[in-house]
Amino acid sequence: MPFTLHPAYDHDPRLAELVERLRTYLDGELADYERERGLTRESRLTRADLEPVWRRSRELGFYGIHLPEEYGGQNLSFSQLAALKEEIGASGRVLSHSVLGDMGGPLRAGDILKHATQHQLDTYLLPLIRGERACCFSLTETDAGSDVRSMRTVAVRDGDDGYRLTGHKVFSSAGPFADFAIVVARMAGTGEREGEKPEFSAFLVDLDSPGCRVEDGATPMSGEHIESDIVLDDCHVPAANLLGEEGKGMRIALGRVTTNRLLHCPTVLGATRRALALTLDRTRNRKVAGGQPLLKLQAIQHKIADMATGLYAARSMTYDALAALDEGREVHNEAFMCKLFVAESSFRILDEAVQIFGKEGLTQGNEIEFLFRKIRMFRVLTGTSEIQRNGIAKFLAFAEPARTA
């Protein structure tokens with residue numbers, strides 16, 4: 001794919017039309033909406049801020065667009081969805097995460113439709129898809145991040161009526177404005193003896209249930225107020241809210257981990273693309289001694305060249321892996337590689353952007369400063385770079401057959 005900061009999709013007229021419509025909405029109507037409400041990246045967003053965006057995005061066909069047609073989507077390929085997510089990242093909009101349904105919507109719910117009963121579809125997931133309800137995903141705990149199997153949240157059977165959950169979940173994105181959470185808990189009595197594997201189940205938990213509290217979560221370094229802690233204290237969950245089979249919750253939670261790992265990358269690539277565009281604009285217009293543009297300096301030209309090359313490499317490998325996924329091929333190791341390379345390359349690009357912007361790049365309120373903080377987080381979130389390296393090394397050591405001359 002050729003390098004450009006404004007990708008065209010002439011090979012896919014359907015995608016080209018969707019991208020153009022999405023750009024028009026992001027740069028026009030949504031930008032106006034944010035200005036009218038005075039929203040910034042540090043604003044404490046409310047349902048009143050988000051619901052109009054969910055409804056309007058649904059009207060325009062973007063909210064849940066990746067879903068099958070039976071759920072009101074357009075059954076996009078992974079590559080097509082990735083192109084739209086890249087535009088979301090490149091837009092610079094505060095509420096862009098609510099257009100496709102990342103923030104509490106269809107993308108946040110993940111691939112759980114196939115595990116849901118009709119009751120769960122009617123009560124929780126179909127209203128979610130329509131933008132009437134919102135959810136958060138509650139898996140992480142203070143001492144159970146990369147090692148999620150160390151979680152302490154416990155589910156105790158409550159006769160035939162259901163379960164009682166006790167535990168403390170952190171970093172539940174969209175928690176501040178969600179109606180329900182997808183909670184993964186360890187089944188009581190499992191994994192307690194040496195050598196015994198714990199069993200986990202997944203539950204749909206109404207956040208206004210007795211024994212459930214939504215508390216302010218830690219504010220991430222991006223400054224966005226989108227996280228909550230979910231505190232469960234003997235919270236009763238009806239048996240009808242068990243998602244899938246008992247003891248199969250971790251499989252549901254991590255079932256699409258490879259796909260989700262890959263699909264996080266295009267949003268970051270979009271944000272990196274925006275950073276490069278802003279940096280180019282800065283170097284073309286910023287004058288140095290003698291009145292010449294900053295971009296005339298060879299040292300700056302070399303930085304820009306390296307930034308563009310890193311972006312091209314990261315984007316190319318990501319879309320290559322997505323194309324293989326669309327063909328039905330296994331891309332487990334490639335997903336590790338893409339997450340690692342995109343995270344590390346994007347961070348290096350943003351670090352150079354800050355350097356080129358100078359003092360302005362260190363100033364809160366400058367978009368480059370925000371993007372630097374946001375991109376830095378990606379080296380940790382959704383699996384640290386070290387976890388990705390572990391996965392790659394394990395694959396090479398045990399999955400790749402040895403070949404000798």
Side-chain angles (χ1 to χ4, degrees), residues 1 66-68 75-86 89 102 106-115 137 139-140 144-151 171 173 182 184 197-200 202 243-245 247-270 272 310 312-347 377-403:
M1 59 179 69
H66 66 293
L67 294 171
N75 199 32
L76 297 187
S77 68
F78 294 116
S79 297
Q80 290 171 328
L81 175 59
L84 299 185
K85 287 175 70 69
E86 184 178 339
D102 279 289
L107 281 170
R108 176 59 55 185
D111 188 35
I112 64 172
L113 291 171
K114 63 184 179 183
H115 299 287
F137 187 74
L139 178 66
T140 303
S146 296
D147 182 16
V148 294
R149 287 176 171 79
S150 296
M151 71 171 62
F171 296 121
S173 298
I182 301 167
V184 178
K197 291 185 177 180
E199 295 182 1
F200 302 90
L243 189 60
E245 298 179 36
K248 305 296 184 183
M250 194 61 72
R251 183 179 301 174
I252 293 173
L254 303 180
R256 287 191 70 205
V257 65
T258 295
T259 301
N260 288 338
R261 184 179 291 125
L262 264 179
L263 286 174
H264 281 300
C265 293
T267 307
V268 174
L269 290 170
T272 308
Y312 179 53
R315 189 174 189 272
S316 296
M317 69 185 296
T318 299
Y319 280 88
D320 180 72
L322 287 163
L325 190 63
D326 283 329
E327 294 170 0
R329 291 156 56 190
E330 174 58 57
V331 294
H332 190 71
N333 199 40
E334 288 81 355
F336 279 130
M337 292 177 171
C338 288
K339 170 60 170 68
L340 172 64
F341 193 77
V342 169
E344 297 296 329
S345 297
S346 294
F347 177 70
M377 292 170 60
F378 191 60
R379 295 174 66 203
V380 174
L381 299 180
T382 70
T384 66
S385 291
E386 289 71 26
I387 290 293
Q388 311 310 312
R389 291 185 177 101
N390 288 347
I392 295 166
K394 182 177 180 180
F395 178 87
L396 294 175
F398 300 109
E400 278 288 293
R403 291 183 175 87

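Not measured: the values here are computed from a predicted model. Side chains included, hydrogens not; waters and symmetry mates left out as well; all remaining heavy atoms used.
- Under the side chain to side chain contact (heavy atoms under 4.5 Å, CB included) criterion, L67 pairs with Y71, P106, L113, I129, sequence neighbours left out.
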Quick one: do M151 and F200 satisfy side chain to side chain contact (heavy atoms under 4.5 Å, CB included)? Show the steps, please. CA-CA 10 Å; M151 71 171 62; F200 302 90; 3.4 Å; yes

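- Between E86 and R315, at least one side-chain N (NZ, or NE/NH1/NH2) sits under 4.0 Å from a carboxylate O, which counts as a salt bridge.
- Distance CG/L262 to CG/L325: 6.5 Å, rounded to 0.5 Å.
- Residue I182 holds its CD1 atom at 10.5 Å from NE2 of H115, rounded to the nearest 0.5 Å.
- In this structure the side chain of L322 reaches within 4.5 angstrom of the side chain of L263, judged on heavy atoms.
- With sequence neighbours excluded, the residues that form a ring pair (Phe, Tyr, Trp, His ring centres under 6.0 Å) with F336 are H332.
- Shown here are the side chain to side chain contact (heavy atoms under 4.5 Å, CB included) partners of Q80, two or more places apart in sequence or in another chain: D12, R14, L15, L76, S77.
- One distance of note links CG of N260 with NZ of K339; it measures 12.5 Å at 0.5 Å rounding.
- Remark: the backbone N or O of L107 is not paired with any side-chain donor or acceptor of D102 at under 3.5 angstrom.
- Heavy-atom neighbours of R251 CZ from other residues, nucleotides or ligands within 6.0 Å: at or below the threshold of 12.
- Between V331 and A321, the shortest heavy-atom contact is CG1-O, 3.8 Å.
- Of the residues R379, E344, R261, the one that meets the side chain to side chain donor-acceptor pair (under 3.5 Å) test with Q388 is R261.
- No donor-acceptor distance shorter than 3.5 angstrom exists from the side chain of N333 to the backbone of L396, with no hydrogens or angles considered.
- For S173, the side chain to side chain donor-acceptor pair (under 3.5 Å) criterion is met by E227, not counting sequence neighbours.
- Among residues two or more places apart in sequence or in another chain, the side chain to side chain contact (heavy atoms under 4.5 Å, CB included) test is passed with T267 by K85.
- Qualifying ring pair (Phe, Tyr, Trp, His ring centres under 6.0 Å) partners for F171, counting only residues two or more places apart in sequence or in other chains: none.
- Nearest heavy atoms, T259 versus F78: CG2-CE2, 3.4 Å.
- Closest heavy-atom contact between P266 and Y319: CB-OH, 4.3 Å.
- In this structure, S385 and A343 approach most closely via the heavy-atom pair OG-CB, 4.4 Å.
- Between I252 and G244 the shortest heavy-atom distance is CD1-CA, 3.9 Å.
- With values rounded to the nearest 0.5 angstrom, L269 atom CG is found 8.0 Å from F378 atom CZ.
- Rounding to the nearest 0.5 Å gives a distance of 11.5 Å between CZ of F341 and SG of C265.
- Closest heavy-atom contact between F137 and A253: CZ-CB, 3.7 Å.
- Within the model, atoms OG1 of T258 and CD of E334 stand 9.5 Å from one another, a figure rounded to the nearest 0.5 Å.
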